[in-house]
Structure formats: C-alpha cells, structure tokens
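Below you'll find the structure, written out as structure tokens, and then a few comments.
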Amino acid sequence: MQQSEVRAARALIANAKFEEAAQNLKKSLDRTGRKADEDVRFEAMYTLAVAERYAGNLPEALATLDELIAVNADFARAYQERGHALLSDNQLNPARESYEDAVKRNPALLASWRALVNLYEIAGMSERRSASQSEVEYLESLPKELQSVSSYLQEGRLQRADRLCRHFLQTRKTHVEGMRLLAEIRDKLDMFGEAEFLLTTALELDPDNERCRSDLASLTLKMQKFELAHAHTERLTAQWPDNFAYLSMHASAKAGIGEYEQAIKLYNQVISQTKSQHRLHLQRGHAEKAIGKLDAATASYRCAYEIAPDYGDAFWSLANTKTYRFTDQEIRHMRERERSADTALEDCIHLCFALGKAFEDAQDHRQSFDYYERGNALKQASVKYDPDNFAKRLGAQRDVFTEAFFKKRAGTGSGAPDPIFIVGLPRSGSTLLEQILASHSQIDGTLELPNLIALANRLDRGKRHAEGIGYPHILDTLDLDYFRRFGEQYIQDTQVHRGRAPFFIDKNPNNFAHIGLIKLILPNAKVIDARRNPMSCCFSGFKQLFGQGYEFSYGLKEIGNYYREYIELMAHWNKVLPGFVLLVRHEDVVDELEGEVRRMLDFCGLEFEPQCLEYHRTERSIRTPSSEQVRQPIYRDALAAWKPFEPWLAPLKEALGDEVRNMYAISL
C-alpha cells in the first residue's frame with residue numbers, strides 16, 4: 001500500500017465521496033495486510049474511519065478505530081476520531097473520555113480541546129472546562145505553521161517538526177513560542193545544549209513566559225544543573241503555589257542541590273493531595289535512600305509498585321538498594337509482569353535487572369544471568385552507543401595532549417587547589433574512596449558533577465565540530481587566559497554542591513577522558529584513578545541499570561572494549577603528566593585500608609585523620625548505587641562476585657584484549 005492511495009482517499013472525502021473512499025481503502029488494506037509500511041497502514045485505517053463516519057456508518061467507524069488502537073495505542077488522532085464518532089451518536093461521556101485520551105497523547109489536538117470545552121460545560125466540570133479553554137486559546141494563538149510543528153512534535157515526527165520550525169524562525173527569529181517549540185524538539189533529539197540556549201534566549205525576550213520557564217526548569221534538571229533548576233522552580237512555585245507539577249520539580253531540584261529533607265517534605269505535600277502518583281513515591285524513595293533512610297525508601301518504592309503493579313523502576317529501585325531481598329510472591333509477580341505483552345519496554349528492562357538481582361541473591365546464577373542478559377539486550381537496543389566513535393574521541397585526546405602541548409602551556413589555568421577528581425569506570429570502588437575522603441574534616445563530598453563534561457561539550461559544539469576543530473583540537477587555538485577563566489567558572493559553578501571545607505570531591509567517572517582538560521584549567525587539582533579488577537568491575541557494571549551516561553555498559557563485549565580503551569588512555573595520561581594522577585586499586589583498599597587511606601591523604605597534601613577508617617559512620621547524602629554498601633564496614637565478598645557467572649563471560653574476556661588479560665592473569 002502506498003501513501004498516494006491514502007492521499008487519493010482523502011481527496012475523495014474532500015469531495016464528499018465517502019463510500020468510494022472507504023471501499024478503496026478497504027481493498028488496499030485487504031490486498032497488502034500487514035505487509036504495508038506501518039505508518040502508511042495506520043494512516044489508511046484512520047482515514048477509513050473518517051470516511052465511514054462521514055458516510056454515517058458509525059459502528060463500522062468505531063470498529064476500525066478499535067482495531068487501529070489495538071495495534072497502535074499511541075495514535076492520538078484515533079482517539080480524537082473515536083470521540084467525533086461517539087459524539088455523533090450522542091454518547092457524551094464515552095466521547096469525553098476518548099477526547100481526554102487523545103489530548104493525553106497529543107496535547108496539540110485543537111479539535112479535541114474544543115470538544116472538551118463543550119463536554120465539560122455540559123457535565124458541569126467548570127475547572128476542567130477552564131483548563132481546556134486555556135489550551136484552546138494557546139493553540140489558536142499559534143501561527144498555522146507552529147500548530148503543525150506542535151502536532152508533529154507530539155506525534156514523534158521530530159525531523160519534520162524540526163525542519164518546519166526552523167523554516168518558520170528564519171523570518172521570525174525572535175518568536176518566543178517558535179523558539180520554545182524548537183527547544184522542545186532539540187531536547188527530544190538529545191541536543192540539550194542547543195535547547196538550553198534557545199530557552200534561555202526566549203526567557204530573556206519574555207521573562208514572564210511560564211511555558212519557557214517550566215521547560216527550562218525541566219531541562220536543567222535533566223542536565224543536572226540543579227542550581228539553575230532550583231532558581232527556576234523557586235520562581236514557578238512562588239507564582240503558582242498550588243501547581244503540583246511545579247512543586248514536584250522543585251522537590252527534585254532541592255534533592256539535586258542536597259536539600260533532601262526539604263525535598264521529602266515537598267514530595268509528601270504533593271503526594272498527600274494527589275492520587276496515583278507512583279513516580280513521586282519513587283522520587284521520594286530516592287531522596288530517602290540518599291540520606292540513609294533505607295526503611296523509609298523501601299516503603300516508598302513498595303508504595304510505587306502497589307499503585308502501578310507493572311512499574312518496573314520501583315522493583316529495580318528495591319533491588320538497587322543492594323540489601324533488599326525480594327519475597328517469593330514479589331518474584332512471581334515480577335516474572336508475570338515481565339512476560340506480559342501489556343508491559344511497556346522500559347518496565348520490562350527494569351524488571352529484568354531486578355529479577356537478575358533476585359535470582360543472584362537466591363544463588364540461581366544461570367537464571368540470574370539470563371535475566372541480566374535479557375535486560376542488557378533490551379536496553380542496548382534502545383540507547384545510542386557508538387564504540388568506534390568513542391575510540392576515535394579517546395584517540396583525539398592522545399593526539400592533542402602531548403608532552404610538548406603541556407610544556408608550551410605550563411602555568412596556565414586557575415590556581416585553585418580545591419577539587420579532588422575521582423575517575424575511572426562505574427562500579428570500580430569510586431564511591432568507597434569518596435566516602436573515605438569525605439570523612440576527612442577538610443574535604444566535602446558532593447556527587448557526580450556534570451560541569452567538566454558540559455565544558456567539553458560546549459567546546460565541541462556546532463560549526464567547530466562539523467569543521468573538525470571541535471574539542472579537544474580547539475584547545476590548541478585558544479588564548480591561554482581562557483583556561484584560567486574556565487577553571488574559575490568550574491569552581492564558581494560547583495560551589496552550590498559544597499560545604500565549608502577547603503577541598504571537595506568531583507566523582508564523575510567519565511572525567512577520566514578529560515584529565516588533560518583538568519590539567520589545563522585546574523593544574524593544582526588532584527586526580528585519583530579508582531581501578532578495579534576488570535572482571536569484577538565490568539560484570540558489576542553489566543548487572544547495573546544506570547540512569548544515564550553509561551550506554552557502553554549494556555553488553556559484555558561493549559563494556560570490555562570500554563575498559564580496554566580506558567586502560568590505554570590512563571597509560572597515556574601517566575606518560576605525559578607523570579605524578580598528576582594517583583592510581584588506587586580497589587583490591588588494595590580492601591586488603592590494606594589504612595595504608596591506602598594514608599597514601600591518598602598524602603597525595604592530597606592532608607594529615608591523616610582516624611575517622612577516614614570509620615568512613616561507614618560518616619553521615620552524608622550518597623546518590624550512587626553503592627550508597628548502602630559504603631555505609632557498612634569494608635568487606636571482601638564483592639571481589640569474587642563474578643566468579644559464579646564465569647561460564648557465560650567469554651565475550652567479556654575476549655573484548656578486554658591480550659594486554660589487559662595478561663595484566664590481571666585472566667585466562668580465556
């Protein structure tokens with residue numbers, strides 16, 4: 001079936017030839033069946049329903065729409081057309097529900113909002129009528145081009161929306177709503193920097209624009225720019241104190257800047273006044289877990305899955321405490337939900353990882369590995385990771401950052417000695433090192449700060465990248481004063497995460513790829529390489545479902561390749577920057593805690609303090625998956641946790657390569 005056949009049918013409908021249009025579409029659909037392109041088939045079924053309704057064949061139209069919704073539950077216009085058909089049959093309540101389903105999936109459907117205004121008025125639902133009228137007025141205020149952009153955006157047709165929106169802005173460069181919509185498109189395309197620039201500029205033009213400020217608050221939360229997010233959500237909640245969405249974002253921003261108790265109070269406030277908010281229970285649980293209230297966090301996670309029984313993230317969050325043990329009933333429930341065709345992909349992924357942990361705890365390693373492997377395969381198919389591009393980027397680091405490069409730029413950057421960077425791979429023991437060091441009176445623990453990587457991304461943006469002079473090559477062209485300004489800005493921007501100690505920790509593992517940039521902008525900073533046996537580290541990463549930023553971990557081959565690239569780059573840094581990085585092996589910390597603690601403190605230029613050995617007694621917020629593990633005394637159990645899974649780890653061993661295998665005496 002071709003799109004031209006759908007267009008021909010629509011032309012017949014426009015000429016009131018409804019029966020002919022319906023007959024032609026039925027023949028085409030019968031001829032091609034499921035062999036047709038899905039998008040064309042969905043459009044054909046939708047157009048068929050429209051023709052049937054106009055022809056007065058309401059039962060046939062409703063049957064066609066039910067069939068369409070059964071195969072594509074997110075086709076918003078099908079719900080709108082169903083509302084039209086039901087309204088034609090004077091079925092007011094079912095029509096209203098269909099229109100509600102339509103705008104839930106696509107808030108840009110003006111016809112549905114208009115119908116809802118009338119239906120809410122008939123039903124005496126004044127608040128909903130008022131809200132719907134506001135949506136009508138907003139959509140009607142948009143130029144026709146932006147109405148189309150909004151609709152394409154909500155339907156997920158991002159490239160078409162992007163082209164049309166950019167074309168519109170060529171002649172109306174300061175149109176605030178056009179900028180906001182383009183920012184929303186860029187956000188969905190993971191182009192966060194451009195989205196932030198567009199929204200910031202739009203707010204400069206219209207500081208009172210609620211939609212722009214709300215979008216920017218949401219975006220900065222996603223980008224982990226929590227101080228900025230907090231400023232925006234504070235303003236939103238001050239102006240609209242009863243808006244639960246803004247209060248929820250404000251709670252997330254407060255958690256982001258470390259004000260967990262206040263965040264929990266806000267979550268409780270919203271939860272007490274709204275129903276079925278399973279995600280809020282989850283977010284509250286994360287805040288409770290961060291400050292060590294594990295029983296409260298567990299209760300919050302349970303509340304989340306009791307409200308939404310297939311909410312996989314709630315089960316994974318329980319597993320991710322690392323101490324929770326699932327009941328037999330919970331395991332049966334998770335297995336049933338994971339197998340169900342009605343369970344969303346994202347929930348299936350979370351359930352697989354949770355089941356992997358459940359069966360690992362039960363010592364059923366075969367079944368545990370099967371679930372971990374299935375969860376990783378599902379996740380890998382849904383993320384963007386290009387190992388060749390990663391290798392190319394690390395190769396660029398080696399090409400640019402040579403001994404001659406640093407010799408030429410000696411003495412550049414900010415002289416601030418404040419940061420202690422802990423780098424490496426996730427699950428390498430870095431949280432343990434952070435907890436040890438943060439137990440020192442002169443060091444503040446923070447979190448995995450995004451600032452350094454954000455700077456690298458900013459230097460790599462747009463035209464520079466396209467012309468091959470992006471980061472790190474652009475550093476060879478910059479005036480030396482830039483490096484001082486970059487360092488000072490880093491210190492200023494990270495201040496919100498610190499206490500009063502003179503030193504603080506930035507524990508973003510991915511910073512290992514930017515040690516050259518650290519040396520340029522903060523030459524007096526300290527860098528600690530947290531390293532762990534590759535089998536332990538990589539398999540632990542394979543078992544972990546991360547929030548974002550570790551797309552390489554969803555495959556044994558992929559994570560093995562990543563570890564090998566990491567080892568090669570760290571060898572380069574040690575060659576061109578001798579003494580700048582301290583290597584700390586997790587196994588040595590486990591075997592000789594005091595000796596390694598003294599070595600780290602000596603490296604940081606600090607006196608030994610006994611409380612660093614009692615790190616598990618230190619009260620502070622911890623966000624990483626290891627939060628509960630580092631609140632316990634040191635233990636050796638995890639060192640060999642990969643061993644029972646060794647029969648299935650050949651792809652990992654092969655990917656590590658000869659050099660790494662020889663380094664750690666790993667046999668194939």
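In this structure, Y550 and F552 have perpendicular ring planes: the angle between them is above 60°, well past the 30° mark. A tilted orientation is assigned to the rings of Y46 and F75, their planes being inclined by 30° to 60°. Classified by interplanar angle (parallel below 30°, tilted 30° to 60°, perpendicular above 60°), the ring pair F168/H175 is perpendicular.
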(request) Evaluate the salt bridge (Lys or Arg N to Asp or Glu O under 4.0 Å) criterion for residues E155 and R105: first the C-alpha distance (whole Å), next the side-chain angles of each, then the deciding distance (0.1 Å), finally the verdict. (result) CA-CA 8 Å; E155 291 176 0; R105 289 164 174 80; over 6 Å; no

(request) Could you walk me through whether D215 and R211 pass salt bridge (Lys or Arg N to Asp or Glu O under 4.0 Å), step by step? (result) CA-CA 6 Å; D215 286 359; R211 290 176 184 267; over 6 Å; no

(request) Begin with the C-alpha distance, continue with both residues' side-chain angles, and end with the deciding distance and a verdict on side chain to side chain contact (heavy atoms under 4.5 Å, CB included) for N510 and I453. (result) CA-CA 8 Å; N510 293 327; I453 292 171; 3.6 Å; yes

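With a 4.5 Å cut-off on side-chain heavy atoms, E196 and L228 count as touching. For the pair L459/L475, a side-chain contact is recorded, criterion being any heavy-atom separation below 4.5 Å from C-beta on. With contacts defined as side-chain heavy-atom distances shorter than 4.5 Å, the pair N511/N508 qualifies. Under the 4.5 Å side-chain criterion, counting only non-hydrogen atoms from C-beta, K379 is in contact with E346. Between K225 and H232, the closest side-chain pair of non-hydrogen atoms is not below 4.5 Å. When side chains are defined from C-beta on, S252 counts as touching Y267, because their heavy atoms get closer than 4.5 Å.
Between T47 and the choices R10, E81, E5, R7, the side-chain hydrogen bond (donor to acceptor under 3.5 Å, both in side chains) rule is met once, by R10. Each of D479, D481, D476 was scored for a salt bridge (charged side-chain N to carboxylate O under 4.0 Å, His left out) with R409, with one residue passing: D476. Put simply, the residue from V527, I515, V423 that forms a side chain to side chain contact (heavy atoms under 4.5 Å, CB included) with W573 is I515. None of Y490, F504, F512 except one satisfies the ring-ring contact (aromatic ring centres under 6.0 Å, His included) rule with F421; the exception is Y490.
Contact check on D386 versus K392 returns no salt bridge, with no Lys/Arg side-chain nitrogen under 4.0 Å from an Asp/Glu carboxylate oxygen. Between D208 and R235, at least one side-chain N (NZ, or NE/NH1/NH2) sits under 4.0 Å from a carboxylate O, which counts as a salt bridge. A salt bridge links E140 and R114; the closest N-O separation between the charged side-chain nitrogens and carboxylate oxygens is under 4.0 Å. A salt bridge links R180 to E184: one of the charged nitrogens lies within less than 4.0 Å of a carboxylate oxygen.
With hydrogens and angles left out, the side-chain atoms of Q380 and E558 include a donor and acceptor closer than 3.5 Å.
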